[in-house]
There are 2 protein chains.
Amino acid sequence: MDAKILCLAVLSRGPASGYEIKKRLEQPPHALFQDTSFGSIYPALRLLTGEGAVSAEAVAQGKRPAKKIFSLTEAGRERLISALSQPPGPDRLRSDFLFTLLYGDLLPPSLLLSIIDARIAELEERLAWMGNCGGSITSPSAAFLHGLGLTYYQSCLDYLRNNRPRLAADLLGPKQVPHERAAE
Amino acid sequence: MDAKILCLAVLSRGPASGYEIKKRLEQPPHALFQDTSFGSIYPALRLLTGEGAVSAEAVAQGKRPAKKIFSLTEAGRERLISALSQPPGPDRLRSDFLFTLLYGDLLPPSLLLSIIDARIAELEERLAWMGNCGGSITSPSAAFLHGLGLTYYQSCLDYLRNNRPRLAADLLGPKQVPHERAAE
DNA sequence: GCTTACATGTAATAGGTTACATGATTCT
DNA sequence: AGAATCATGTAACCTATTACATGTAAGC
């Protein structure tokens, strides 16, 4: 899904400015699987306006720069539904963390373990952060997604916590020859 | 991690041609978190050769086009380790499937459920496919990654299977008024 | 006083995908 | 005979990120 469809989707929940769209994409549940910058949102909204998929209304606010509030048109709604109806493409994950694990044998064990510890802390934070997103669950399928997200994070966290000790033993163990001074 | 580091990483397991690098990236465990096309691999290898991070050797093979076998140099190895030592950036997931779930209320329930069923089938396939990748596990941290991948797929699969009936009931239930014929 | 939040937008840059171009060999 | 695999590489294209450019207002 490109930035255009993303904007249409957010607007399907109600009118918003470009700035507000960005804010919503940063929070769960969107943040689970999408991120987008201003540099792609504003051009997308301009194009969508030209194509008649959204309508813009300028709202003055005293001395601040005027907001542009965008609303979904009927054509935009149809386009969104059409995009959602396509069989979804494969997930694309880019993970430096998993990459580092795969080549972890090239790093000092202590560094690798500290990277895993950092990830455990991040997952804990993210789980807590996902917990309080009550307001955005507006449909059964959104609730279904929320549960899936929680399951995903929780199972990764459990795995990391449960298997870290074993990994530490495997990394440090084989080199530690008893009765000899550890080389390096 | 960009295409260059990816190539260096694959080559750290042994010399290979551009074609072979692509093949390895398509299989587990790389396929879990990375994908890259020829269009980024070949230019990356050319640049790396110029930078002295890899060395190339042409290998004639009868009538087929000659292979170029690339090997990691000491400078390349250092560069790889340096990249791996950086704190990993955040994971980036792009998932049309999760996006569709979030806006599933805009689709007919039967379509949404069939999309979930397709995902269940894909996950089953992927789990089986990950099962037989014994040869590529060459270190404790690679084994750790493999276990994490299995856990991730398995827990998502379990969630989808366990919660699909509930979602189906929630989607279809409220509309099904007893003693009336179901509308569509 | 400094930082963060609000608010929009453009331009340069980087990175990757897709399609193109070519051709032998092996499997079905 | 036709499809898939092996094998390399370029060019056009698309998309998105980052930095730039500008300025107010609220909170610490």
Side-chain angles (χ1 to χ4, degrees), chain A residues 1-8 10-11 15-27 30-31 33-51 54 56-70 83 89-96 99, chain B residues 1-8 10-11 15-27 30-31 33-51 54 56-70 83 89-96 99:
Chain A
M1 305 292 178
D2 58 15
K4 282 186 188 180
I5 302 298
L6 215 54
C7 289
L8 293 180
V10 173
L11 291 176
S17 66
Y19 190 86
E20 286 162 353
I21 290 173
K22 175 76 160 50
K23 288 286 110 150
R24 292 194 202 172
L25 292 176
E26 281 170 0
Q27 288 176 302
H30 278 109
F33 57 86
Q34 280 287 2
D35 49 11
T36 313
S37 59
F38 285 125
S40 56
I41 290 174
Y42 285 118
L45 288 169
R46 183 168 47 78
L47 293 172
L48 287 169
T49 307
E51 294 162 9
V54 303
E57 186 199 359
V59 176
Q61 345 174 71
K63 290 170 189 173
R64 283 200 203 164
K67 276 189 190 181
K68 267 194 200 171
I69 304 289
F70 296 91
D91 287 5
R92 281 167 160 176
L93 175 63
R94 262 304 160 91
S95 175
D96 286 0
F99 182 78
Chain B
M1 304 292 178
D2 59 15
K4 282 186 189 179
I5 302 298
L6 215 52
C7 289
L8 293 180
V10 173
L11 292 176
S17 66
Y19 189 86
E20 286 162 354
I21 290 172
K22 175 77 159 52
K23 288 286 110 151
R24 292 193 203 172
L25 292 175
E26 281 170 1
Q27 289 176 302
H30 278 109
F33 57 87
Q34 280 287 1
D35 49 10
T36 312
S37 60
F38 285 125
S40 56
I41 289 173
Y42 285 118
L45 287 169
R46 184 169 45 78
L47 293 172
L48 287 170
T49 306
E51 293 163 9
V54 302
E57 186 198 359
V59 176
Q61 346 174 72
K63 289 170 189 171
R64 284 201 200 162
K67 276 188 188 180
K68 267 193 197 170
I69 302 291
F70 296 90
D91 287 5
R92 280 166 161 176
L93 174 63
R94 262 305 159 90
S95 174
D96 287 0
F99 182 78

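Throughout, a chain's letter reflects where its sequence line sits, starting with A, and its residues are numbered from 1. Here the structure is a predicted model, which is why all the values come from computation and not from measurement.
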Can you tell me how far NZ of Lys4(A) sits from CZ of Arg46(A), rounded to the nearest 0.5 angstrom? 10.0 Å

Through what angle, rounded to 10 degrees, does the axis of the helix from dG1(C)-dC28(D) to dT28(C)-dA1(D) turn between its ends, using five pairs per end? 50°

Please find the pair of heavy atoms, one from Tyr19(B) and one from Phe38(B), that lie closest to each other, and give the distance. CD1-CZ, 3.7 Å

What's the separation between atom CD in Gln27(A) and atom NZ in Lys22(A), rounded to the nearest 0.5 Å? 11.0 Å

Produce a footprint string for nucleotides 8-18 of chain C: one letter per nucleotide, 5' end first; B if the base is under 4.0 Å from any protein heavy atom, S if only the sugar-phosphate is, - if neither. BBB-----SBB

Is the closest side-chain heavy-atom distance between Arg94(B) and Gln34(A) below 4.5 Å? yes

Grab the CZ-C1' distance between Arg24(B) and dC6(D) for me, whole Å please. 15 Å

Figure out the CD1/P separation between Ile41(A) and dT15(D), and round it to whole Å. 16 Å

Quick one: which of Ile41(A), Ile5(A), Leu25(A) gives a side-chain contact (heavy atoms from CB on, under 4.5 Å) with Val10(A)? Leu25(A)

Whole-Å gap separating C1' (dT5(D)) and CD (Gln27(B)): 14 Å

Check whether any side-chain heavy atom of Ile21(B) sits under 4.5 Å from a side-chain heavy atom of Leu45(B), and report yes or no. yes

Sequence neighbours excluded, which residues qualify as salt bridge (charged side-chain N to carboxylate O under 4.0 Å, His left out) partners of Asp91(B)? Arg119(A)

Are the side chains of Cys7(A) and Val54(A) in touch, meaning some heavy atoms are under 4.5 Å apart? no

